[in-house]
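Remember, it's 1-based here, ligands and their atoms both numbered in the order they're listed. What's counted below: heavy atoms across the whole structure, side chains too, no hydrogens, waters or symmetry copies.
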Amino acid sequence: MLITNCTVDHKQNPLGYTMDIPVFGWTVEEAKGTKQQQARIVVEEVDPITGKGRKAADTGWGKLNSLGEPVRIKLKPRTRYTWTVRVATNEPGEEAVSEEHFFETSKMDEPWTAKWIGCDDQIKRHPVFHQGIENKGGLVSARLYITGLGLYEARIDGKKVGDEYLTPYCNDYFDWVQYQTYDVTYELKKEGSHHLAIELGNGWYKERIGFSKRMEPFFGNSWKLLAELHLLYQDGTEQVYATDDSWEVTRSTITFSNIYDGEWRDDTLPALPAEKARLTDAPKGNPRTGNGEKESILTARYSVPVRIYESFPVKEQIKTPAGECVLDIGQNIAGIWSLKVDQPAGTTVHLQVGEILQQGNFYNENLRTAKAEYFYVSNGKPISLMPRFTFYGYRYVRIELKRPGEEAFHAPEVFNQEDFAAFSLTSDNVQRGFITTGHTLINQLIENTRWGMMDNFVDVPTDCPQRDERLGWTGDAQVFSPTALYLSDAAAFYTKFLHDMALEQEKWGGLVPNFIPYVDDDPKTAATAWGDAGTIIPWNVYLFSGDKELLKKYYPQMKAWVDYLTTFTGDDHQWRKIFHFGDWLALDTPYAGPAAVLGATDEGFIADTYYRKSALLVAKAAGALGYTEDEKIYTDLAEEIRQGLLEEYFSPNGRCCIDTQTAALLNINEGLSDRDRAVQMLEKQMKISEGKLKTGFVGTPLLCKVLTEIGRKDLAYGLLLNEEYPGWIYEIKLGATTIWERWNSVLADGSISSTGMNSLNHYAYGSIVEWIFGYCGGLKPVEDVPGFKKVTIAPVIHKALSPLELSYDSAAGSYEIRWEILDDNHLKVDITVPFDASAVVTLPLSGKEPFEIGAGTYTYTYETTESIVSRLSIDSPIRDLLADPEVKALLRQFSDRIDEIPEGMKDLSLRELVKQNGGISEVALEQLEASIRLLQEK
Ligand code: BGC
């Protein structure tokens, strides 16, 4: 029996995070028993000198919650604690203890000795602050507590401290600034002199970000650094090096950096004499919100580290028709790169990135004003370069250079592609969910979605990682959150985002702005389905983690959002009347051109539907937390909103007057009115669109889910497997390695459809992966027993995906589901349920009632109640024949008029159609029948 995945506040061995009451979590593997009988957590405070532990807390044996057990400890600042958890199972005598884990506190509310320091901000060359360090011998530990604005990178004796990038990360610096803690004992271990150098870049803080100021810094104009290095010696003495005006500043050869435009470095610049650092102000609040004089709160880190996740060699070096040298790394990523340069002094090397080629040439117009480039002027010495204070969203890199005396940039004559490597950056979320199926393109879709997540999880859940935006758009974050929680352990990541959100809400009276941090003027209003991230994300984090402490923490902000809506909307339904993004980027507006943004579903209807959804989530959260009074208040509010919806948007008999796919989906999913009518409307809409999707950001995440739930898995799978425009596979067939912003981002001829708003790395439509996990794989959390302690397992099978293998390392332990169609009438389903969890299983096509199983591994091989592989033939309805991409392709070979069959005739069988209209000879029809049969036997 093993105790694994031991976490504190959803992080393994956290060092220097903001902590309140630590919450402990664990899972159990390889136990004989199936349930946790009792558990016991022991926490010890470590004496930093002797390394010995002294008991700080002991829960004693009891019914502890493995998903999140809060343990009250009077935490001391800058202190390391070790902990273990013991678990006894229901198997008599079975007991185990975990390995020892630790957490270490930050400075907490200990005052800082360090002072904020800066330098002459007129000089654009980036400052490097220096401090000599003396290790006087007998060092036992060394910690660096540090933050710097815009961004900082610390080096000890020339070596980068830690493996994080873009620190201190991105948040509303007017409100708060995070500092990080590094264990630098190893770096300073050797007795004698060391050197600490800290370079600052501009980052999100000191350069342009967002829309309001466009080309100017949003937050501040001056560099700021705050650092304390604590050295502790064997004899108990402590030495502190803290930033003050005795530190020295030199300048690096980086002359420019920002998030959107990249970095410039000129190594021919002379070294400048060292100057004294200047004392400077702490970062302050936003003058525009009347908080100009209030100091931003200095807080220990919330952000999980942004690290290099994967490196990519050059996949192909391309000489483009325009004569450019372009490197293709084969994957659209967010990240940086390394480049070896060995050029004569004075040579300028220029790199620029893009997501796609156009007519075979380098292209970056869809990045809008983001230059996303790198300039380097060589001093003649060979060097390996890496950008320090920026990141790029890219797959292609164009390299050009200009030697001294040359007029223009040109491609290098020869380029050794081993000199370049790409590195993807992402917030450090452990990968949790994996699915492989028998369908290569669906596997690719899951992979593309995973990349979409990693590329857009660079500290903030962003809309896209490449153009002059990269903002924490709440709508995108909301629709993608269940997918993210299936794919990764994103609870700690969202904790930071939800903290950002809470601070925004405090400023704006409960309103959740459209993007967070809100780098803009007063938001004035919010938008439906975007602001509802304020209830949806906290709820999803709770549902997937099972951590009630988190829900408790988020409850006030969930409530604040709904209360804001109630006040805003008033008696005359203001909320329905203002501008909303609505079913953003849907395809059903009659005037829709390639650059259209609004869908056809009435935005007021969406607004109140989401208002109700949020009220219900608050009621559910209140229920889970035992706040019965609130539960009733918000349940009643939800019902009141529903009545209002019925009055305004429904006929007295329950027919919704908004006739779109998305309206029907919302109606069914949210249970607004007569379900049968809503189902009829959805089926009608699907017929009109010939089984194709029309939905945008609001409808798409619901589409396959609702279709499956109303018993139309044929339509749901039809959408998933559809290879034509619009759809997920269409994108993949056009070379997508991530998820596009628009269904039509790239046209069938490979040309980009528009440039105003068109990213090829927007994860919102990747929300289909939630359905793949929850329905194709069949694994879903149960709301009353969250955190996957109890689940439902009900795979919805399709021959195209067989065999499907799912594994999910949930908060409660690892689930595995595998299903395979053995033949027409036989199915095999394997299930593993982790220790101390249970599953209600519905075996597909078994005719069996759902049944409950506990921890263990189970195999079910059985004869199905009906034939699994529906046999298509010339007697099948044309609609069904056309829904199968392979059969459709075959039909096209027989007649080029196959695409012209009118909607009204698609319920006829092919035989009937030919009988009525001719067009294919008897012999050809027989041949066709044989070919269809052959195709399906394959
Ligand atoms: C972003 C979206 C975002 C939207 C708001 C766009 O510019 O990229 O994904 O949600 O604006 O409508």
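Listed by number with element, the atoms of ligand 1 under 4.0 angstrom from any heavy atom of H762 are 1 (C), 2 (C), 8 (O), 9 (O). Close contacts between ligand 1 and D476 involve ligand atoms 2 (C), 3 (C), 9 (O), 10 (O) [criterion: under 4.0 Å to a heavy atom]. Of all atoms in ligand 1, listed by their number and element, those nearer than 4.0 Å to a heavy atom of E741 are 8 (O).
Taking the six-membered ring where the residue is Trp, F457 and Y494 present perpendicular rings, their angle passing 60° and hence far from 30°. Using a 30° and 60° split on the angle between ring planes, Y309 and W451 fall in the perpendicular class, above 60°.
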Test ring-ring contact (aromatic ring centres under 6.0 Å, His included) on F581 and F579 and set out the steps. CA-CA 7 Å; F581 304 116; F579 171 82; 5.4 Å; yes
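Put simply, no part of H580 is less than 4.0 Å from ligand 1, judged by heavy atoms. Heavy atoms of F515 come nearer than 4.0 angstrom to ligand 1 in no pair at all.
Contact check on R208 versus D261 returns a salt bridge, with a Lys/Arg side-chain nitrogen under 4.0 Å from an Asp/Glu carboxylate oxygen. The pair D172-K507 meets the salt-bridge criterion, since a charged nitrogen lies less than 4.0 angstrom from a carboxylate oxygen. A salt bridge is absent between D468 and K371; no separation between the charged side-chain nitrogens and carboxylate oxygens falls under 4.0 Å.
For atom 8 (O) of ligand 1, the nearest non-hydrogen atom from the set R368, M757, R467 belongs to R467. When F581, W584, F697 are ranked by how near their heavy atoms come to atom 4 (C) of ligand 1, first place goes to W584.
With a 4.0 Å cut-off on non-hydrogen atoms, Q478 does not touch ligand 1 at all.
At the shortest separation from atom 5 (C) of ligand 1 among protein heavy atoms lies W473 CZ3, 3.3 Å. Scanning all protein heavy atoms for the shortest distance to atom 6 (C) of ligand 1 gives E469 OE2, 3.3 Å.
Looking at ligand 1, you'll find an N or O of D463 within less than 3.5 Å of one of its N or O atoms.
Side chains of T660 and T601: a donor-acceptor N/O pair is present below 3.5 angstrom, by distance only.
A pairwise comparison of heavy atoms in P168 and L149 identifies CG-CD2, 4.2 Å as the closest pair.
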